[in-house]
Amino acid sequence: MIALIYAHPHPTRSRANRVLLDAVCELPSVTVHSLYDRYPDFDIDVAAERRLLLESQLIVWQHPIMWYSAPALQKLWFDTVLANGWATGDGGTALVGKSCLWVTTTGGPSDTYTPQGAHRFPFSAFTPAIEMTARYCGMHWLPPLVVHGAHEIDKLALHQCAAEYRQRLLNFVAAGEDG
Ligand SMILES: Cc1cc2nc3c(=O)[nH]c(=O)nc-3n(C[C@H](O)[C@H](O)[C@H](O)COP(=O)(O)O)c2cc1C
């Protein structure tokens, strides 16, 4: 029911995303596709990815922010899986009505996403491309879960974010079961 598309270029070296993923990957309704583990040669099995999406009500995109955007393999996944005629364009209605949750981490702490900070713009200035990828496919965009300062956030705060993530997925499943 929940497809979790995980795109970390170095899954074994992750700190923040690992904690987030550990909090949800064992939930019975969650299927994790770790793109960099499955497709180290970037040769995405588009049919398999689509099958998972069709079976799911909620699609989660989880990855670290890289150059204000998604890692390269997540971008290739968008380009190949969400193709015209399947997810967009004429007859492209496969994802209409499904929900999408974006879970991401930034190296920059929140105060670097300010006019005086290193990244100058609020983080919300960088989200429209991902948000519109979901919306353009007819998906319902849920409020994203963003963890800033992934390298320095203290353990307790990171685990609180992970608990919130887990609770949001549990709530989604419970709402579906309630009808
Ligand atoms: C190539 C590359 C580009 C990155 N670009 C950004 C960026 O644009 N903004 C930012 O805040 N952090 C950036 N980072 C930092 C990552 O977002 C950060 O290392 C990651 O969120 C940490 O999560 P992890 O502990 O799961 O690896 C970048 C890191 C790399 C390697």
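For ligands, and for the atoms within them, numbers begin at 1 and follow the listed sequence. Atom set for the values below is all heavy atoms of this structure, side chains included, hydrogens, waters and symmetry mates excluded. In this chain, numbering begins with 1 at the start of the sequence shown.
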I need the atoms of ligand 1 closer than 4.0 Å to a non-hydrogen atom of Tyr113, numbered in the order shown. 9 (N), 10 (C), 11 (O)
Contact summary for Gly108 and His119, nearest pair of heavy atoms: CA-NE2, 4.1 Å
Pairing of Arg51 and Glu55 as salt bridge, 4.0 angstrom limit: no
Atom 14 (N) of ligand 1: nearest protein contact (heavy atom, Å): Ile65 O, 3.3 Å
What protein heavy atom sits nearest atom 26 (O) of ligand 1, and how far off is it? Ser14 OG, 2.6 Å
Please work out whether any backbone atom (N, CA, C, O) or any side-chain heavy atom from C-beta onward of His148 is under 4.0 Å from ligand 1, and answer side chain, backbone, both or neither. neither
Heavy-atom closest contact (Lys98 atom, Ser56 atom, distance): NZ-O, 2.7 Å
In ligand 1, which numbered atoms sit nearer than 4.0 Å to a non-hydrogen atom of Thr106? 11 (O), 17 (O), 21 (O)
Hey, which atoms in ligand 1 end up nearer than 4.0 Å to a heavy atom of His8? 24 (P), 26 (O), 27 (O)
Is the centre of the Tyr113 ring less than 6.0 Å from the centre of the His148 ring? yes
Checking contacts here: is it the side chain or the backbone of His10 that comes within 4.0 Å of ligand 1, counting heavy atoms only? Could be both or neither. neither
Enumerate, atom names and distances included, each donor-acceptor pair closer than 3.5 Å involving a side-chain atom of residues 78-87, sequence neighbours excluded.
unit_1 : atom_1 : unit_2 : atom_2 : d
Asp79  : OD1    : Lys75  : NZ     : 3.1
Asp79  : OD2    : Lys75  : NZ     : 3.3
Thr80  : OG1    : Leu76  : O      : 2.8

Please tell me whether His10 and Tyr36 have a donor and an acceptor in their side chains that are separated by less than 3.5 angstrom. no
re atom 12 (N) of ligand 1, the protein heavy-atom contact at minimum distance is Gly107 N, 3.0 Å
Any atoms of ligand 1 less than 4.0 Å from a non-hydrogen atom of His151? List them with their elements. 18 (C), 19 (O), 22 (C)
Can you tell me the protein heavy atom closest to atom 21 (O) of ligand 1 and the distance? Thr105 OG1, 2.6 Å
Look at atom 8 (O) of ligand 1 and say which protein heavy atom is nearest, naming residue and atom and giving the distance to 0.1 Å. Tyr68 N, 2.9 Å
Contact atoms of ligand 1, heavy-atom distance to Ala150 under 4.0 Å: 21 (O), 22 (C), 23 (O)
Can you list the steps and then say if Thr31 with Leu4 is a side chain to side chain contact (heavy atoms under 4.5 Å, CB included)? CA-CA 6 Å; Thr31 301; Leu4 198 167; over 6 Å; no
Does the N or O separation between Gly108 and ligand 1 drop below 3.5 Å for any pair? yes
Scan the side chains in residues 161-174 for donor-acceptor partners under 3.5 Å anywhere in the protein, sequence neighbours excluded, and list what turns up.
unit_1 : atom_1 : unit_2 : atom_2 : d
Tyr165 : OH     : Gln62  : OE1    : 2.9
Arg166 : NH1    : Ala23  : O      : 3.0
Gln167 : NE2    : Asn171 : OD1    : 2.9
Arg168 : NH1    : Pro143 : O      : 2.9
Arg168 : NH2    : Pro143 : O      : 2.7
Asn171 : ND2    : Gln167 : O      : 3.4

What protein heavy atom sits nearest atom 30 (C) of ligand 1, and how far off is it? Met66 CE, 3.8 Å
How about Ser14 and Asn17: does a side-chain donor come under 3.5 Å of a side-chain acceptor? no
Any chance the side chains of His63 and Trp102 put a donor and an acceptor closer than 3.5 Å? yes
Of all the non-hydrogen atoms in the protein, which one sits nearest to atom 1 (C) of ligand 1, and at what distance? Trp67 NE1, 3.9 Å
